[in-house]
Structure formats: structure tokens, C-alpha cells
**Q** 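Would you mind keeping the following structure in view while I ask a few things?
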There are 2 protein chains.
Amino acid sequence: MATITDVARVAGVSISTVSAALSGKRHVALDTRQRIEAVARSLGYHPNAGARMLAGTRAQMIALSAPLHADTSTPAHMRFVLGVTTAARTAGYDTLLLVQDEAAEGLERVSASALADGLVVMDVDAADRRADLVRRQGRRAVFIGMPDDTDGLTCVDLDFAQAAELCLDRLVAAGHRCIGLVGQPQVTYERGVNYARRFRDAFVAHAAALGVLCEVVTPEPGRAGAEAALRRLQLLLPDLTAVVLNASERTTRAFVRACGAAGVRVPEDLSIVSAGASFDTSEDEVPLDTVPLPADTLGARAVALLVAQIEGEAGPGVELLAPQYVARGSVAARTPAAGAAQD
Amino acid sequence: MATITDVARVAGVSISTVSAALSGKRHVALDTRQRIEAVARSLGYHPNAGARMLAGTRAQMIALSAPLHADTSTPAHMRFVLGVTTAARTAGYDTLLLVQDEAAEGLERVSASALADGLVVMDVDAADRRADLVRRQGRRAVFIGMPDDTDGLTCVDLDFAQAAELCLDRLVAAGHRCIGLVGQPQVTYERGVNYARRFRDAFVAHAAALGVLCEVVTPEPGRAGAEAALRRLQLLLPDLTAVVLNASERTTRAFVRACGAAGVRVPEDLSIVSAGASFDTSEDEVPLDTVPLPADTLGARAVALLVAQIEGEAGPGVELLAPQYVARGSVAARTPAAGAAQD
DNA sequence: TTGTAGGCGTTATCAG
DNA sequence: CTGATAACGCCTACAA
């Protein structure tokens, strides 16, 4: 492998001039620089990463802690990973992928060894050990999602509470007064997954504030769970005309199919909105109105905040993205006089 | 951050002894080593990665080139990524994730800069630029999948040809004589994706050898494509009794649903086998017999071969995993007298 | 505008 | 069994 010394020798300059010419950190005469660049290219010179880390102040590397739980949606997960990795590369950083249960240990290792300049933490739960680690060790890190205690941390997330309110506002504006929420499986709430709770709590509170009848169901994934959820909502809310889903891809699709199987037409009999999910229903049989979880945007934003933290000065803080409503025709207007969803 | 010098000072030994004690690369008196280990732990010492790369011969890092094409199945992709990353960590290596279109450029960069000791290359197509790069630059690399020219390369893959034969053998043994293949979209074959071709070609050849009637369809993803594929197979093979799918999750599920919609019962009217796919149908409405593409196993095997290449001596070569047949009841026996699939 | 020289933290070689 | 010491390749004052 060619080293900076080789380049300097061939170009007939000193190594510091090569370093300066290639890094742009100081002025180098135009012709000198061009000569150096040409030599570097012809020699296939790439600065040695180890030497750079050792001498420089940056490793130009971030670590991504992306554990995969049993109830994690793989496609959504992948979208976040992609978003983070792409944004990082654009900012000149490579991404180290940490997937094991050793999530916290791995973070400790890569940051203590100065392998990574900063950490992006995905799939955060209420009492996440990684939050303590970051706080205790004062690591540069950005969380995608929020633990219960965000003190001293930098977090980015969709504003799930506002998303819930947005769904309700739209449905109420369309004349709906009895609205169900199909949420995550019970175990997800129990694990303390923060966004699920925020969505549910805001949904219930805002429905009350709007004077709307609402009920929440928390189905297990799969067909049976979805069918039971539909039946249960119909039972609890005889005048049910709309449903908001904050659920996995599988549950969401199964629910739509359950409607079909039960003879419930969407949106004529039942309006449906999917919120806080990152899968695409635009080509489904029944394209759904959604309030998407923008994985790319969140990943990119997390990287931007991390880089700011690494390179400049940026204090901690929570940044919540404003939700966007995407209409696709799965919500119908309800005249005030409209009756039950079922004939 | 504590350095090796700190540890040496506190433990009252020289830095070379610390290095030796912690790396185990030479004998150190038991009590000395224990003292050093205790000091290192109490100081939270982690060897500086940059210094280690620079002085040592290994970066303890592999790069994973995992570009995401439009026709890539995200969950399958993720499973490979997980398998590779987990296996690498177990072998003491961290994984650098490369996702951009800069796939080849990124590989060049990370290996020329000695950031990565070796490369794992996913999603390989027939004339993959990354194969040329590896060959030309003599990089240590393992391909998951095979380009057309595997000369000088190390590749691991499922034996798709044998998988096709296995499916046919099972179906023929069950009495089927008219068998359709639902393959990938046309564009995938045209892109030269090697496994798709190997499966199709072996399927056609083996069917001929067995004296079985067969036809191949290459549907576009989605519901309409699947329905058209079923109709077309029924048209081409009036006595169709079995179908082998080597298709995406979406197409596979859509095809099963198309059967339901067309009143074709599985397996009474039509036997189905899914081959070379890594998604799970065991909890579907109609669990399918499969010849799985074992992403974890392939990823782990790729890492094992790469580590062998990095640490020891291991020549190039292609390693094809033997396919396994997993029965789940979607194949029914056909008495010789049985007629067409449709009444 | 360019060159010189010291140091980053570790490993590895070679004396002791 | 242990301790000096020379690389490793690059960055960055500082000097010219």
C-alpha cells in the first residue's frame, strides 16, 4: 500500500504538504496541489485509517446500536439502518453495526477504544441501559426514540402524541364520533416502549378532549388477533365508524383483510388511518391514509445531530418531528346523521 | 481515557508486559497478569483502536457490502446482515456496513486504508464490479452468491440447482407429472442474478430428465402478477398439479392468495413448494413446504471463510450448501389416475 | 508557501 | 519471564 511518504517522494514535496493538499486544511499552491492529487491517484493512495485515528482527533466513524427484538419489524428496522448509514457516509463517517445483545457492552468498547466518534442508538425502551451508559460516561450519542428519563441525552423521534391528535382531528373533521385504536401487542406496552405509550395516551386524552368515544385494543400479531380486534371494537363501540392503527405491518394488513372478510367496506363502512408506521401501503389493495414514521428523515436527523455534537458544540435536547398526514382515500366523510358501521 | 502507559505505571510493570499480559501473545507470570488485568479493569482501559491498527497487523474489522436494490427483499437482506455481523463479532471482528451505490468504491476505500481486514459481499450479480475489484486488487473477500466468473474468488451460496432438483424429486415421488415454476420477475433474470438462473435452468433440465412436463412464469411482484401467473400456468399446463416457487415473499404470498381466490385448494388441487427464500411461512394460513435459503448459516459460513483467509491460509473456492427440504403439508400425494387441478 | 520534527498508543523485536 | 526501543503512518505546530 502506498503511504503518504511515497506520494511525497514521487511528487517531490514533503509529507506535510501532501497532508495539507489532500485534507485542504491549509493553502497549497494550485499547481503543487494538482500534482500531488495526480500522484496520489496514480499510486492509489488512501490514508491509513489507523494512523489517521491515532494522529487525528476523529476516527470518522459512528457506531449504530441496532438490537433486534422479537417484536421488531424488520423492514422498519432496516430503513432506519439504511437512513443512518447513508446520512453518515454523506457526512464523511463510516458506520459500525452493533447488533448483539451486547448492545451496551459493545457501545462501551467501541467508544472507549476511540473506534467510534459517536453513537446512534435505536430501538430505545423506557429504562434503557444504554441511556445510563451514555450519561455516566458522557459519550457523544443520539437516541432514535426516547427513554423515560431523557435528562442530558439527545433524542430524535416522531411526535407520536401529535400524530395521534392529528389522526383524531382529521377523523373528527370528517364527521367521525366513535373511533377505535388498534395498538401494539400488550407486551410492547409492558416492555415500556415509549412511543407506543405516548401514542395511546395522547389518543385517549385527545379523544376525551374532543368529546369523541374511543376504545383501545392491543391485538397479538397475526390474522386471529386482527379479527378479534375488529370484533371487539365493534362490540365496545356499536357506532364505530373509524379506526386508527398504530401497529405493525403484519397486524395492519391483517386488520384490513379482517375487515374484508367481515364484509366491512373501507372506507364506506369503516375509515382507517395507519399512524407511526414506516411501511408503504400505497400499492395495497386498500391504500391507507397514513401518518408515516419517516425512517430516513429520522435517521438522517440523528446523524446530523450527532455530527454537530462531534464536530461542533451542540447541547443535549429532545427533538420531535412534526407528523405529516398523507391521504390515500381510506377515510370517508360521515354525515352527522350516519348510523352504525354495520348494516 | 486510560492508556497502556497508565496501566503499566499503576501495575508497576513495563508497557510491553501489559501488552503481552492482555493479548496473551507471550507468557506472563500468573500473579503479574492478574495484577495487570485488575488494574486495567479498574482504570476502564480499552486499547486504542487506531494505535492497534497502526502497530498491529489486524484491524479486527470486516466490511459488509450490502447494497439494497429495488427488487431486494428487506427481511431477507436483514437476516444476512444480522448473520454476518453476529458471526463476525463472535470471531472478534466488528462490522462496517456499506450500503450506498458506492458499493465498489467503498470497498476500495476501506480496504486500501486498512480499515477493514476483509470483505463480505452480498447481493452479487452476474457481472459484479466488486468481483473485478477483489480480483484485481487481491483483496481478502467472500461473496455470498456467485458472479458468472468465480475464478480466484471465494463464494458461498445455497446450491440452487440441487434445490430445484430436490423440489422436483419430492413432487415426482408424490406422483406429480405437470409442474409449474413461478420464478423471479423478468428483469431479475436480465440483471443476471445468478441464483435465479441457476434455479430455473436446473429446474427445466431436471424436469426434462425426469420426463415431467414443466413451464416457467416470471411474474411481476404484486397481486395482479401472481393471479396472471396462476392463470398462465393453468393454461400452459392443463394438467397442472404442482407449483414450485422461487420468488419473493410478496409474490409467494400473493400466489397462494390467488389460488384461494380462484378456488384452487392447496394442497388438494395444487401442491406448492417455496424454494430458495428465507421468509417464514410456518405461521401462514397455508404453511408451505420449503427449501429454505438459510441466511444465518450462509452469513456465518461466509465469515468463517473470511476469517480463515485473513488469519490463516485458505485458497479461493466455491462452497455450495446442500439444500434441506422442510415439509409443512402443502404437498399432497397424487394417485397416478388423478386428473387436472381444476374441476 | 513549504519543510522539519515531535508525538499519538500500540505491537513486535531483541536484549537482559 | 520482563523491559527498552524502534517502527507503524499521519497530523500539526512551528520554523524557514
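Note that this is a predicted model, so its numbers are computed, not measured.
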**Q** Please report the distance, rounded to the nearest Å, between NE2 in H27(B) and P in dG3(D).
**A** 17 Å
**Q** By nearest heavy atom, map A51(B) and S14(B) onto DNA chain D; which one lands nearer the 5' end?
**A** S14(B)
**Q** Should R9(A) and D6(A) count as an ion pair when the cut-off is N to O under 4.0 Å?
**A** yes
**Q** In terms of side-chain heavy atoms of A29(A), which of dC1(D), dT1(C), dC11(D) is nearest?
**A** dT1(C)
**Q** Would you indicate which nucleotide in dT2(D), dC10(D), dC8(C) comes nearest to any side-chain atom of Y45(A)?
**A** dC10(D)
**Q** Please determine, by modelled atom types, if S14(A) and T17(A) share a side-chain donor-acceptor pair under 3.5 angstrom.
**A** yes
**Q** Round to a whole Å and report the spacing from CD1 of I4(B) to P of dT2(D).
**A** 15 Å
**Q** Please report the distance, rounded to the nearest Å, between CG in L54(A) and P in dA7(D).
**A** 17 Å
**Q** Is the closest basic N to carboxylate O distance between E37(A) and R33(A) below 4.0 Å?
**A** yes
**Q** Do any side-chain nitrogens or oxygens of T32(B) fall under 4.0 Å of OP1 or OP2 in dT2(D)?
**A** yes
**Q** Between R58(B) and D117(B), does at least one N-O distance fall below 4.0 Å, as a salt bridge requires?
**A** no
**Q** Taking CZ from R9(B) and C1' from dT2(D), how many angstroms apart are they, rounded to a whole number?
**A** 19 Å
**Q** Keeping the roles fixed (side chain from N194(B), backbone from M146(B)), state whether a donor-acceptor pair exists under 3.5 Å.
**A** yes
**Q** Could you check how far CZ of R35(A) sits from P of dT1(C), rounded to whole Å?
**A** 15 Å
**Q** Closest heavy-atom contact between I15(A) and T5(A)?
**A** CG2-CA, 3.8 Å
**Q** In whole angstrom, give the distance that lies between atom CD of Q60(B) and atom P of dT10(C).
**A** 15 Å
**Q** Which side-chain N or O atoms in residues 300-312 of chain A pair as donor and acceptor under 3.5 Å with protein atoms at least two apart or in another chain?
**A**
from: R301(A); atom 1: NE; to: E319(A); atom 2: OE2; distance (Å): 2.4
from: R301(A); atom 1: NH2; to: E319(A); atom 2: OE1; distance (Å): 3.2
from: Q309(A); atom 1: OE1; to: A141(A); atom 2: N; distance (Å): 3.2
from: Q309(A); atom 1: NE2; to: A141(A); atom 2: O; distance (Å): 3.3
from: Q309(A); atom 1: NE2; to: T154(A); atom 2: OG1; distance (Å): 3.4
from: E311(A); atom 1: OE2; to: Y93(A); atom 2: OH; distance (Å): 2.8

**Q** Within less than 4.0 Å of OP1 or OP2 of dG9(C), is there a side-chain N or O belonging to R52(B)?
**A** no
**Q** Set out, line by line, the N/O atom pairs under 3.5 Å between protein and nucleotides 12-16 of chain D.
**A**
none

**Q** Roughly how many Å is it from NE2 in H46(B) to P in dT10(C), rounded to a whole number?
**A** 12 Å
**Q** Check the phosphate of dT2(C) against T17(A), side-chain N and O only, distance under 4.0 Å to OP1 or OP2. Yes or no?
**A** no
**Q** Between dA7(D) atom C1' and N48(A) atom CG, what is the distance in whole Å?
**A** 13 Å
